[in-house]
Structures are given as structure tokens and as C-alpha cells.
There are 2 protein chains.
Amino acid sequence: MAEYPPFAVTVDLVVLTVRQDALCILLIRRGIPPYHGRWALPGGFVGFDEDLADAAARELTEETGVPEAVGHLEQLGTYGTPGRDPRGRVVTVAYLALLPDLPPPVAGTDAAAADWLPVSRIAEAQLAFDHDVILAAGLERARAKLEYTPLATAFCPPEFTIARLRTVYETVWSSQLDPRNFHRKVTGTPGFVEPAGRVTEGDRGRPAQLYRRGSADLLHPPMLRPSLTRS
Amino acid sequence: MAEYPPFAVTVDLVVLTVRQDALCILLIRRGIPPYHGRWALPGGFVGFDEDLADAAARELTEETGVPEAVGHLEQLGTYGTPGRDPRGRVVTVAYLALLPDLPPPVAGTDAAAADWLPVSRIAEAQLAFDHDVILAAGLERARAKLEYTPLATAFCPPEFTIARLRTVYETVWSSQLDPRNFHRKVTGTPGFVEPAGRVTEGDRGRPAQLYRRGSADLLHPPMLRPSLTRS
DNA sequence: TGAATAGTGTCTCTCAGACAATATCCA
DNA sequence: TGGATATTGTCTGAGAGACACTATTCA
């Protein structure tokens, strides 16, 4: 292998959550060059004896403190254009994480600060490296996956109401959904959710049934984005 | 960067085509260790100043001789489990290529032989490395993408009949489709195909209109796999 | 003419979307 | 009681699947 050019391999994370009716992403403010002071995706180098998915899970836990079983983590794509990192030839494997709303993150060792930012305000943020491209891919992946998988439940706590699930869809898709049709569709899609047997308390209005994530990993029929329905 | 572990980065290709009503994949028989004599995905090391997609396109052209504009090439996923390559720490970025039927491939420099194998017979083939996992991912990606994109046209020559497009779907999905409903659906989906204005000649039966790929890159409504319709 | 394939029309069933109506809580 | 939210029911239109029927070629 000595005759082949050495690459550095990193993982970067697009960590999304829904908080206060806004789709938010976990970013760190870089404390070291390059891009010192800029917002960037959390991430880091892959250990020589470490699997890629393990490295992503490790970084996610380091940055957020969430146990690995919570939420959802999947590979998003790999970015390796020469020159994307001024330090050398760095190929990064991007992962997408979907998490329920969490307490504020702890700053990692190489981060001056870490915080949730609404994705609607990312345009002003001037992300480091090619992280704007990676983020865009993560957002589109998340929006698409809500259509045909039950991954919206990854944004929710273990038990949640249909209305909570609906706000997840509305937030990620930036569109309003009819509460009545949504309710019928979710409960009518086999394996999407299953009743927890309990109800909410203390809110305004009629108490809502609580549900847990179901066993399906593919939705039939899928939930369709209103914006794409018109052809 | 000197303090970070050096990786080798390769690209591997899942190259699919439809020939003689069988879904086939381009494989090379390895002429050098490791896995000497085994079938493997075509691929190779990424140049130090080369973009990942460029490396994939280069390998594809080297192995098949097709111009880059023909067919479809997209990133599939990245595989980097330690130990997946006995030569060292190799991370491979897999790409998926969909091509029209082509003349037999030319053997590359590091391949004792290259040939199209029906995917139905891959189980016996004992692929090298973790290429069976990568192939499985490529097949599932291809099957899924036929549902909501016009990529079935990538398996066809520039001008094709609806029946030809239908055999592509039937071959990739391993299921029979009603010719009449298929015709109505394809021609009724805006941007999927556009008439070329010519018809076939010399075949049995009524001549068929020829079509070209349309401008859409997403199908609304999508084509749905019969096997998944039942829920 | 008959076999073969291309393409159209029709029917039914399911489902998405609009929205009325009912249920059950809190103030 | 009135406001708010949850949940169910009804209607309509679009589209999928089944399949009869017509169109056009070759042998």
C-alpha cells in the first residue's frame, strides 16, 4: 500500500432536531484554524482501527451526550474534492442524525461553542469547508425520508401524540397539514405507530392518545409532501 | 496532518445493465492477490489530485469504454470497516452506474477478465472483499430509484419503445407489468418520456412509437413496485 | 386471414384532500 | 358554558389495476 497516496478520512455530522417548531441543526463554532470562528458541522478524524459508523456514533455522543440508541443515524454521502480542506487531502464521510429535542449541547474539545441553529438562518452563517453543501444534502435526505419511512418518530420522544408527529412533518416540510387527514393516515398506515395506552394530561383541549414508534421501517402507503403533489 | 492515520481511498463500481431480459453486472476476475481469481467489482485507487466522482467516471470508461455522457452514475455509499481489505486500511467509495446494453467489455490492466454476469447468479460467484454487500446496496438503490425517477431510461438506448422500457422495469423488479397500464402511465407522467416522432420497423406486430428520455428528474406520480403495494 | 404487438377505453377500488360533526378536556 | 384540541365520518376526485376492445403490421 505504500505506493498509494495517503488520505485523511473524517466523519461530519448533520444533526437535526425539531425544537420550538423550528428545524434546527447542531453546529460548532470552530476554535482553531482553518475557518477559525466559523460555524461548522461537528465531526472529526476516523481512528485507524475504527469503523466509519462507529466514528460517527462516537462524535455524535461526544457532541450531544445522547445515548447511541436514541434517534437515528445513517450515512449521508462522501465528499472528497481536492482542496476542500486547506490542510491536505481530506475525504469526509457525512452522516445524518435525527434526534428528539434535547438539552443544550456540551462544547467538545475542539469547539469553542456548540449550539442549535434554525436551518432557516443558515444562509447567513457562512459555514466552514463545504459544509453548506453537506447540510443541503442532509436536509433534502431528511425531507425525502419522512415521506416513505417512519423516521419522523426519531424527532420525537419515546411516547408522543399524533399532533406532535404532525408538527415534525410540518416543520421539516415547511407546510401545513390537515390534522384530521394526518391523524387518519398515520393511524391507518400499518406499523407506523402503535398506541402506548396512555393519554396526555394538563393541556388545553381533549387529551390525546400517546403512541410509540411501530415496527415498520417503510411506509405503505407513503406520506406525500403537498408541494410535490402538483405535477 | 501528519499526526492523523493515513488511509487509502478507492472507488468501486456497481455497473448494471439489462441484456437479454436479465439484469447483469459488470465484474472483473482478479488477476492479482488478494482474492486472486475471484470476481470483484471494477474499481481502483483515487488519485491524490482527483475528485471522487472523476475517479469513478474514469474507472467506468476504462472498464467499459463508454463515453461519460452515456447512462447514469451516482454515489452509492462508502465502506470502510477495518480489515475489509487485507492490504491495509482502505476506504472505498462505491458508485452505481446504469448503462444501456453494450458490446462486451475490454479487460482492464489489473483484471484477468471482465464480463457481464446476471445478478441472479451472483450468489455462487463468491465476490471478493465486501463486494457482495456493496452489490446488494446497488441493486436495492436501482430498484428503488426506478420508482420515483426516470432512470429506467438510462438502461435504454437514446431512442426506445415503451415496451423496451417496460422490460427494463420487469427485469430490474423481477415482476410482470401490464403492458396497457404501463403504457398509459408512462406516457401520462409529465416529463418521463417524449415522442421521438419515429416508429420501429421490421418487427412482428404493429410498429411502436419511439421515445426519448424526458426532462423530468422526478416522477409524479411515481411508478410503484407491485410487490410492495400490498401492505 | 391469423398471429402478434401497439395503443385506447372503461370499470372499480383505494386513497388523498376538503371539511362537517362529535368527543373531551380546561378556564 | 365556551374555547380548544382530538378523533371520527362523509364526500369527491385522481390514480392504480383488471381487462375488453381497436389499430397496424408481418407471414
Side-chain angles (χ1 to χ4, degrees), chain A residues 21 146-148 156 159-170 173 175-211 216 218-231, chain B residues 21 146-148 156 159-170 173 175-211 216 218-231:
Chain A
D21 292 351
L146 290 210
E147 287 197 303
Y148 57 94
C156 298
E159 295 192 349
F160 51 88
T161 65
I162 302 291
R164 171 65 184 164
L165 193 64
R166 178 166 46 83
T167 64
V168 167
Y169 273 94
E170 291 178 332
W173 284 352
S175 59
Q176 294 296 110
L177 300 176
D178 185 288
R180 299 157 292 184
N181 292 335
F182 183 85
H183 188 284
R184 182 162 34 87
K185 200 159 164 183
V186 169
T187 54
T189 300
F192 194 172
V193 297
E194 57 184 24
R198 307 195 306 117
V199 297
T200 55
E201 292 174 13
D203 285 331
R204 272 175 308 197
R206 172 177 170 178
Q209 292 290 328
L210 285 168
Y211 292 84
L218 233 44
L219 299 183
H220 292 290
M223 313 286 294
L224 292 178
R225 276 182 274 190
S227 52
L228 297 179
T229 304
R230 0 213 145 277
S231 52
Chain B
D21 292 351
L146 291 210
E147 287 197 303
Y148 57 95
C156 297
E159 296 192 351
F160 52 87
T161 65
I162 300 293
R164 170 66 184 163
L165 193 65
R166 178 165 47 83
T167 65
V168 168
Y169 273 94
E170 291 178 331
W173 284 351
S175 60
Q176 295 296 111
L177 300 175
D178 186 289
R180 300 157 291 187
N181 291 336
F182 183 85
H183 188 285
R184 181 160 36 85
K185 199 158 162 182
V186 168
T187 54
T189 300
F192 194 173
V193 297
E194 57 185 25
R198 306 196 305 117
V199 296
T200 56
E201 292 174 14
D203 286 331
R204 269 175 311 200
R206 174 175 168 178
Q209 293 290 328
L210 285 167
Y211 292 84
L218 235 42
L219 300 184
H220 292 289
M223 312 286 294
L224 292 178
R225 275 182 275 189
S227 51
L228 297 180
T229 304
R230 0 210 144 280
S231 54

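On a predicted model such as this, the values are computed, not experimentally measured, just so you know. Sequence lines set the chain letters: A, B, ... in the order given, protein chains first and strands last, and positions in each chain run from 1.
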Between the base of C/dA20 and the side chain of A/R180, is there any donor-acceptor pair under 3.5 Å?
yes
Side-chain contact check for A/R184: nearest option of D/dT8, D/dA23, D/dT10 is D/dT10
Closest of D/dA6, C/dA18, D/dC19 to the B/N181 side chain is D/dC19
Scan B/Q209 against the nucleic acid and name what it touches under 4.0 Å (heavy atoms): base, sugar-phosphate only, or nothing. sugar-phosphate
Output the rounded distance in Å from [atom1] ([X]) to [atom2] ([N]).
X	N	atom1	atom2	result
A/R198	C/dT24	CZ	P	19 Å
A/F182	D/dT7	CZ	C1'	14 Å
B/F160	C/dA6	CZ	P	14 Å
B/Y148	D/dA16	OH	C1'	21 Å
B/H220	D/dA16	NE2	P	13 Å
B/L224	D/dG15	CG	C1'	10 Å
A/L165	D/dT5	CG	P	18 Å
A/R204	D/dG2	CZ	C1'	14 Å

Less than 4.0 angstrom between a side-chain N/O of [X] and OP1 or OP2 of [N], yes or no?
X	N	value
A/R206	C/dA23	no
B/H183	C/dA6	no
A/K185	C/dC15	no

In terms of heavy-atom contacts, A/A208 and A/T161 come closest through CB-CG2, 3.8 Å
Heavy-atom closest pair (B/E159 atom, B/R198 atom, distance to 0.1 Å) is OE1-NH2, 2.9 Å
Let me have the donor-acceptor pairs involving side chains of residues 180-194 of chain A, under 3.5 Å, with sequence neighbours excluded, atom names and distances please.
unit_1: A/R180; atom_1: NE; unit_2: A/D178; atom_2: OD1; d: 3.4
unit_1: A/R180; atom_1: NH2; unit_2: A/D178; atom_2: OD2; d: 3.0
unit_1: A/N181; atom_1: OD1; unit_2: A/R184; atom_2: NH2; d: 2.6
unit_1: A/T187; atom_1: OG1; unit_2: A/H183; atom_2: O; d: 2.7
unit_1: A/T187; atom_1: OG1; unit_2: A/R184; atom_2: O; d: 3.3
unit_1: A/T189; atom_1: OG1; unit_2: A/K185; atom_2: O; d: 2.8

Whichever of B/D203 and B/P222 has the more 5' nearest nucleotide on DNA chain D, that residue is B/P222
Assign each of A/G205 and A/D178 the nucleotide of DNA chain C bearing its closest heavy atom; nearer the 5' end lies the nucleotide of A/D178
dist B/I162:CD1 -> B/C156:SG (nearest 0.5 Å) comes out at 9.5 Å
dist B/R166:CZ -> B/L177:CG (nearest 0.5 Å) comes out at 7.5 Å
